[in-house]
Number of protein chains: 2
Amino acid sequence: MSLLVVGSIALDSIKTPFGKVEEALGGSAVYFSCASSLFSSVRLVGVVGADFPKKHIELLKKKGIDIRGLKIDGGKTFRWKGEYGFDLNTAHTIYTHLNVFAEFKPEIPAEYRDSENVFLANIDPSLQIDVLRQVEDPRLIACDTMNYWIENKPKELKKLLKGVHIFFANDKEVRQFSGEINLLKAARYIFSCGPKIAIIKKGEHGVLCISKDFIFSYPAYILEDAFDPTGAGDTFAGGFMGYLSGVNRINEASLRRACAYGTILASFAVEDFSVNRLLKLTDKDVKDRYKKFKRLMHLSD
Amino acid sequence: MSLLVVGSIALDSIKTPFGKVEEALGGSAVYFSCASSLFSSVRLVGVVGADFPKKHIELLKKKGIDIRGLKIDGGKTFRWKGEYGFDLNTAHTIYTHLNVFAEFKPEIPAEYRDSENVFLANIDPSLQIDVLRQVEDPRLIACDTMNYWIENKPKELKKLLKGVHIFFANDKEVRQFSGEINLLKAARYIFSCGPKIAIIKKGEHGVLCISKDFIFSYPAYILEDAFDPTGAGDTFAGGFMGYLSGVNRINEASLRRACAYGTILASFAVEDFSVNRLLKLTDKDVKDRYKKFKRLMHLSD
């Protein structure tokens, strides 16, 4: 089934204790697409400037990502520069130049309007609402958000959630949005806003999936060498939504597998800068790590 | 098999957003014993003052805990007063009166010297070393510690670890002790000091067990109502060591179950103040929660 993603496309300059890159391919829609395209046919909507390297466009095409929704504007591409300390948990932003992304008004091409699965990456909730107005009748709509929108556009975010099935956020954001410290109570608040499922991302501590009827909790995959955590959350969402877009039934069993694939794809993403590791991934790599991940949290009777 | 624990016995005054208690039974050896006595015959070594309520002694006896190693000193019992905020993650200490615990020199009664399993709860590593001198030839020795000893008695701690099989600490302490951010690398440093297994406690984020040959990672059990986190780590150790003391072979499978029982016992402990919930626990409660915990992190092929 088709999977539409709307989000950012960026040129990231990143320094970690293990190395650095300048103007590498990044952005939520890019990480998401590179992960989800392993499972599903992906349609991308985003904007770049005239300075966006052609090799990046070729690379997305080569991955089979449908980029008819990629707008090339006259200005400059969104740029972000950040630095991480040894713990890799918190990025210190050196600059954010929104450039063409500042005026981004997602236009869903006519060919994309029948998309069956939709992922609204973290952008202004007003724009996320606007995307939902332009699609026909997706069977699955998921969104991500961040503290900035929770603080500055709470009404729009709540309006958006009325039309969303799956809400992605990290544990801090879920607590901030709901006003509840306990994550089960926080999830119930989210359900009262519309979504049926809350995916609570906890970075190195794993992920929690809560619905009205079930709950599950997975640790992160344990890595010897995490290299650059940029894009891990969007890669998780890509693995998750990519897998779900390929299954007929969205139920507890498929949601568990989706969270596992999200975790696994994210674990690959942080092993190199940009989407470098994701681009080299084989089906075997993913299958092998799925087995190891299952083993990691195995418990017998 | 017999299980010896050496640690603190305290009267705790605790305030959380959900209630408060004054001078309730607490201390690492108490939480540990109440949890481990569900699985194993437990021998306790500790000290209290003449003011220690007789009802608490009766209660430990009633749980089948061997208290021949409990010294009743002339002074006052160790007292701690603390307060937690809504997130229940960090205790704000109002006072710590060590009282008789300040001069605690663990004396292992002759009847305890053949103990097959030993848990050294968090006390001065010099005293932990002293306990090991007094026991014959335990098949399993585990210890806990804290940031204070890592900072102030690193030499003694390292000397202790030469004789320890399983090292318990939280993720911050493991990173501090090893100087490594990556927990796999941190565990390798720990192995170089002596222990064969590192149990890394992460509170609400679960637990990680690392040995040279295997690794596993479990989330915490998810609770609707966490009430008071005091003693959760010692209760975890109690469930873990209690279970292991009852099995013949210490291997990956039994360590996985031990971590599950530790997690489950800790989840019960935080549902009420002091050891109240632990005292009411039935085998069925534990079995039911084991099943739910297994289900929480289940993943099919």
Side-chain angles (χ1 to χ4, degrees), chain A residues 17-18 84-89 171-172 175 179-188 200 202-210 214-227 252-261 263-264 287 290-301, chain B residues 17-18 84-89 171-172 175 179-188 200 202-210 214-227 252-261 263-264 287 290-301:
Chain A
F18 314 109
Y84 296 87
F86 270 98
D87 74 353
L88 295 181
N89 278 330
D171 44 351
K172 267 187 200 166
R175 283 172 169 145
E180 295 280 358
I181 288 292
N182 183 287
L183 293 174
L184 287 177
K185 288 176 184 159
R188 266 209 290 279
I200 303 171
K202 303 195 295 172
E204 66 161 330
H205 299 303
V207 65
L208 192 56
C209 171
I210 311 180
F214 55 82
I215 174 171
F216 57 89
S217 181
Y218 292 160
Y221 188 80
I222 310 291
L223 289 171
E224 178 90 18
D225 290 298
F227 201 78
E252 183 181 347
S254 57
L255 284 163
R256 283 179 183 262
R257 282 194 206 98
C259 272
Y261 283 113
T263 298
I264 288 161
K287 272 183 194 162
Y290 188 97
K291 273 183 204 160
K292 282 183 187 163
F293 181 58
K294 191 170 178 308
R295 182 78 201 147
L296 182 72
M297 55 188 177
H298 171 76
L299 176 64
S300 55
D301 286 326
Chain B
F18 315 109
Y84 296 87
F86 269 98
D87 74 354
L88 295 180
N89 278 330
D171 44 353
K172 268 189 199 166
R175 284 172 168 144
E180 295 280 358
I181 288 291
N182 183 287
L183 294 174
L184 288 177
K185 287 176 183 160
R188 267 210 290 279
I200 303 171
K202 303 196 296 172
E204 67 162 330
H205 299 304
V207 64
L208 191 58
C209 170
I210 311 180
F214 54 83
I215 173 171
F216 57 89
S217 181
Y218 292 160
Y221 188 79
I222 310 290
L223 289 170
E224 178 88 17
D225 291 299
F227 201 78
E252 184 182 345
S254 57
L255 284 163
R256 282 179 183 261
R257 280 193 208 100
C259 272
Y261 282 115
T263 298
I264 287 161
K287 273 184 193 160
Y290 188 97
K291 274 184 204 159
K292 283 183 187 165
F293 181 57
K294 191 171 178 309
R295 181 78 201 146
L296 183 71
M297 53 187 178
H298 171 75
L299 176 63
S300 55
D301 286 326

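Because the structure is a prediction, the values reported are computed rather than measured. First the proteins, then the strands, lettered A, B, ... as listed; each starts at 1.
- For B:F18, the CZ atom sits in a packed shell: over 12 heavy atoms of surrounding residues, nucleotides or ligands are nearer than 6.0 Å.
- With sequence neighbours left out, B:Y221 forms a side-chain hydrogen bond (donor to acceptor under 3.5 Å, both in side chains) with no residue at all.
- The part of B:R175 that comes within reach of chain A is its side chain, from C-beta onward, which places non-hydrogen atoms under 4.5 angstrom from that chain.
- When all heavy atoms of A:H205 and B:D171 are compared, the closest pair comes out as CE1-OD2, 3.9 Å.
- Neither the backbone nor the side chain of B:I210 has a heavy atom closer than 4.5 Å to any heavy atom of chain A.
- The part of B:E252 that comes within reach of chain A is its side chain, from C-beta onward, which places non-hydrogen atoms under 4.5 angstrom from that chain.
- In this view, A:K185 and B:D225 satisfy the side-chain hydrogen bond (donor to acceptor under 3.5 Å, both in side chains) rule, not counting sequence neighbours.
- Between atom NZ of residue B:K294 and atom NE2 of residue A:H298 there is a gap of 7.0 Å, rounded to the nearest 0.5 Å.
- With chain A as the partner, the residue from B:A220, B:C209, B:A253, B:S217 showing the most heavy-atom pairs under 4.5 Å is B:S217.
- Put simply, the side chain of B:R257 gets close to the backbone of A:D301: a donor and an acceptor are under 3.5 Å apart.
- Across B:N182 and A:L223, no two heavy atoms sit closer than the pair ND2-O, 2.9 Å.
- Ranked by non-hydrogen atom pairs under 4.5 Å with chain A, the options B:P219, B:A226, B:G206 are led by B:P219.
- Proximity of A:I222 to B:L184: side-chain heavy atoms (C-beta onward) are separated by under 4.5 Å at one or more points.
- Counting heavy atoms from C-beta on, the side chains of B:L299 and A:F216 never come closer than 4.5 Å.
- A distance of 12.5 Å separates CZ of A:F214 from CG of B:L296, quoted to the nearest 0.5 Å.
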